[in-house]
Amino acid sequence: MEIIQIVAIGIICVIILSLFRENFEDVAIIISLSASILIFFIIIPKISNIITVLNTIADKSGINSIYVKTILKIIGVAYIAELGVQISNDADEKNIATKIELAGKIIIIFLSLPIIIALVDTIVSILP
Amino acid sequence: MSIDIIFKIAAIGILVTVLNQILIRSGREEQAMMVTLAGVVVVLMMVITMINNLFTAVKTIFQLY
């Protein structure tokens, strides 16, 4: 199972990082970043399976595909922003972390605008 | 995309740390700084290719064009 591989990578990276934490900080940040990238690459096939199932369910149930696409985009933006925030927090750069978080939120709101507009239209049309 | 990348980075880090200490002890601080910079640059180049692969993978999966 992949979970064993993931946990192995995590533990090895923690051990190596403990070696580097005191005297050589910048390599430690790079190692933690590469560990997160490796773990993400292990779970990529699982994510793509989930997404294909999501799409088939959406097509079958007749939901407009734009909504599913927007949700996927929002998940992608959230994941990348989270990666950036965690790495900069790991390096004690609180300022950059908050800026990335703010930008991520704004991009997500921007992506969800068409859904909000559609929602408002349907509500208005329902009202007498 | 396997764990040997992490071992490579750790090896370079340890090597640069050791070289740094040796150069500082022998009184050549500038060269120690050069070695540190070179080490970080090499490690950074390796990680940049990984980050690039990550971003292209996320783009294709989440259709984030």
Side-chain angles (χ1 to χ4, degrees), chain A residues 5-6 8-52 54-55 65-66 68-81 83-84 87 107 111, chain B:
Chain A
Q5 212 177 351
I6 289 169
I9 287 180
I11 291 173
I12 289 170
C13 290
V14 163
I15 293 168
I16 292 177
L17 279 174
S18 64
L19 189 68
F20 278 113
R21 265 303 168 211
E22 323 81 26
N23 45 23
F24 211 41
E25 185 61 31
D26 43 11
V27 178
I29 298 167
I30 290 177
I31 287 180
S32 66
L33 177 63
S34 58
S36 51
I37 290 175
L38 278 182
I39 289 175
F40 179 74
F41 270 102
I42 290 175
I43 55 174
I44 277 183
K46 298 215 178 326
I47 294 176
S48 53
N49 292 348
I50 293 168
I51 287 171
T52 42
L54 204 66
N55 282 334
S65 71
I66 290 175
V68 179
K69 280 198 176 49
T70 316
I71 290 171
L72 283 181
K73 278 190 181 146
I74 288 175
I75 292 172
V77 168
Y79 170 73
I80 296 284
L83 186 80
I87 295 296
I107 290 172
L111 281 175
Chain B
M1 264 321 137
S2 67
I3 195 157
D4 58 352
I5 287 178
I6 291 183
F7 292 141
K8 259 185 251 169
I9 293 174
I12 292 174
I14 292 173
L15 189 69
V16 166
T17 313
V18 169
L19 280 176
N20 209 358
Q21 289 304 327
I22 292 170
L23 285 172
I24 286 174
R25 288 292 174 277
S26 64
R28 295 186 183 78
E29 274 74 15
E30 313 79 23
Q31 286 160 7
M33 174 53 72
M34 291 301 164
V35 167
T36 318
L37 284 181
V40 170
V41 164
V42 166
V43 167
L44 211 55
M45 288 311 294
M46 290 166 63
V47 172
I48 281 175
T49 47
M50 282 176 72
I51 294 172
N52 185 27
N53 296 343
L54 173 78
F55 284 150
T56 42
V58 168
K59 251 191 246 175
T60 48
I61 286 179
F62 295 110
Q63 290 120 25
L64 264 174
Y65 302 126

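These numbers come from the heavy atoms of this one structure, side chains and all, not from hydrogens, waters or symmetry mates. Letters go in sequence order (proteins before strands), and every chain restarts at 1.
- Distance check, rounded to the nearest 0.5 Å: OG of Ser48(A) to CZ of Phe62(B) gives 9.5 Å.
- Taking all atoms of both residues into account, the shortest heavy-atom contact from Ala35(A) to Ile6(B) is CA-CD1, 4.0 Å.
- For Met46(B), the CE atom is densely surrounded, since the number of other residues' heavy atoms within 6.0 Å is greater than 12.
- Between Leu38(A) and Ile3(B), the closest heavy-atom pair is CD1-CA, 4.0 Å.
- Here the shortest heavy-atom pairing between Leu64(B) and Lys73(A) reads CD2-O, 3.8 Å.
- Of the atoms belonging to Ile9(A), heavy atoms from both backbone and side chain fall under 4.5 Å from chain B.
- Atom CD1 of Ile24(B) has more than 12 heavy atoms from other residues, nucleotides or ligands within 6.0 Å.
- Note: Gln63(B) CD to Thr70(A) OG1 = 10.5 Å, rounded to the nearest 0.5 Å.
- Heavy-atom minimum distance, Phe20(A) versus Ala10(B): CZ-O, 3.3 Å.
- Taking CD1 from Ile61(B) and CG from Leu72(A), the interatomic distance works out to 10.5 Å, rounded to the nearest 0.5 Å.
- Taking chain A as the reference chain and counting heavy-atom pairs below 4.5 Å, the highest number among Ile12(B), Asn20(B), Thr17(B) is found for Thr17(B).
- Interface remark: of the candidates Ile14(B), Thr60(B), Leu44(B), Ile14(B) forms the most heavy-atom pairs closer than 4.5 Å to chain A.
- To the nearest 0.5 Å, atoms OG (Ser36(A)) and CD1 (Ile51(B)) are separated by 8.5 Å.
- Chosen from Val27(A), Ile12(A), Ile16(A), Ile30(A), the residue pairing most often with chain B at heavy-atom distances under 4.5 Å is Ile30(A).
- Within the 4.5 angstrom heavy-atom criterion, only side-chain atoms of Leu19(A), from C-beta onward, approach chain B.
- Only the side chain of Leu83(A) comes within contact range of chain B, with at least one heavy atom under 4.5 Å from a heavy atom of that chain.
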